[in-house]
Amino acid sequence: MLAPVTGFLALFLTAVALPPLLARLTGGHAPRPGPQLAALAPVATLPALAAVALAATSAWWLALLLAVPAAILLAWQLPPFLSNASARPVTPHRFPASPPDTVTVRVLTLNSRGGSADAAALVAVLRQHAVDVLAVQELTWDLVHRLDEAGLGGLLPHAHLDPRPDAPGVGLWCRWPLTPLPPVPGLVAASPRARAEPVPGRPVVLTSVHPLTPMRDRGYTWQRDLARLLPLAQDSEPQVVMGDFNASRDHQPFRDLLAAGFVDCADAARHRTWPGFTWPTSWDLYSDREHQRFPDRRAPALMRLDHVLVSRAGATVHAAHPVRVPGTDHHAVLAVIAFT
């Protein structure tokens, strides 16, 4: 009796894993729930592998059959450029000396969850990792003031900000002077862009974005927001595009960005912590963000929605890894990039 029960349970686990697999195979496009299901492909790997293990105790042919979807899901989660990667945690001071003509930029991006991130903790992270560029999504005026009180201006004195109530606001802070550029046209949330020159005559264009989430029948808007980032890959100047993309490699619109000429620092870094999931990191942090606070209820991150993208040509990514910041349900992403 044990073998039939085990076989049935194995089939059930595979059935649980199939919707994310199929959504990912079809690209995770709109309409709902395609994008949401495709984003669960990393999670679906676990029941798919468990199904194979259970089936092996019931019938070899069943284990072989169920190994097909499990192998597909597992292959999608393997890190690209594996030979260049290190699984060790990193600090921004562990790298070999760069050539004299190399410009190194340390960037950090964070979704602040409607301005709820702990400003003092964020400034401490910036100081610890010697960050040169900070991008914040869901930036509010209240968070701008709290960051200023926490000493952000002393670390990154130059800013290009577009704070707004709740989610649409986005801002950039930088160690070097910024020349504002037109924002990415057509995006729902703010998308500040600016040119910085870490070394005179060596510009880097910085862009922070926050494409709309595909939840609540917004799938087509999410898809359109991601598509409007594609022209950035054709810019002749070095580009860093960072933010909460509300998308992962399990979504075809995001893979289109990579194919257009961008590199995800979490994929290409010589030193990284894989898989580098960034969301969700906690639940129900605030019932009223302005008045009533609760301790973080930590949760395991299940997907990588926050990214630092960089132009494919002329850039070497030394490191990329998630960094915890209290008060938000996203990990920040730190990336160390060398431009030649």
Out of curiosity, R106 CZ to L126 CG, how far, rounded to the nearest 0.5 Å? 13.0 Å
What closest approach, in Å, do T328 and S112 show between heavy atoms, and which atom pair accounts for it? OG1-C, 3.7 Å
Joint cluster assignment, F277 & L40, ILVMFWY side-chain distance < 4.5 Å: no
Member of V199, T316, V310, T102 meeting the side-chain contact (heavy atoms from CB on, under 4.5 Å) criterion with F339: V310
So which atom in A48 and which in A17 form the shortest heavy-atom distance, rounded to 0.1 Å? CB-CB, 3.9 Å
CZ-CG distance between R24 and L22, expressed to the nearest 0.5 angstrom: 12.5 Å
Do Q223 and D256 have side-chain heavy atoms sitting under 4.5 Å apart? no
Would L18 and I72 show up in the same hydrophobic cluster when neighbours are defined by side-chain heavy atoms closer than 4.5 Å? no
Membership question, hydrophobic clusters at under 4.5 Å side-chain separation (ILVMFWY): are L134 and L143 in the same one? yes
State which residue, out of L172, V170, V144, fulfils the side-chain contact (heavy atoms from CB on, under 4.5 Å) condition with L161. V144
Check: L66 and L11 side chains under 4.5 Å, non-hydrogen atoms: yes
For A135 and M242, which heavy atoms make the closest approach, and how far apart are they? CB-CG, 3.6 Å
Using a 3.5 Å distance criterion without hydrogens, assess whether the side chain of Q239 forms a donor-acceptor pair with backbone atoms of E237. yes
Only one of D244, N246, D329 forms a side chain to side chain donor-acceptor pair (under 3.5 Å) with W279, so which one is it? D329
Only one of R272, R304, R255 passes salt bridge (charged side-chain N to carboxylate O under 4.0 Å, His left out) with D267; say which it is. R304
L302 side, atom CG; T278 side, atom OG1 - distance, nearest 0.5 Å: 10.5 Å
With heavy-atom distances below 4.5 Å as the criterion, would you say the side chains of V336 and T104 are in contact? yes
Of the non-hydrogen atoms in A51 and T14, which two are nearest, and what is the gap between them? CB-OG1, 3.3 Å
Any heavy-atom pair between the side chains of D264 and F254 that's under 4.5 Å? yes
What I'd like to find out is whether the side chain of D250 reaches to under 4.5 Å of the side chain of Q77, using heavy atoms alone. yes
How about W176 and V133: do any of their side-chain heavy atoms sit closer than 4.5 Å? yes
Is any side-chain heavy atom of L206 closer than 4.5 Å to one of V240? yes
Scan D225, T109, L187 and name whichever one has a side-chain contact (heavy atoms from CB on, under 4.5 Å) with V209. L187
Side-chain heavy-atom pair W76, T45 within 4.5 angstrom cut-off: no
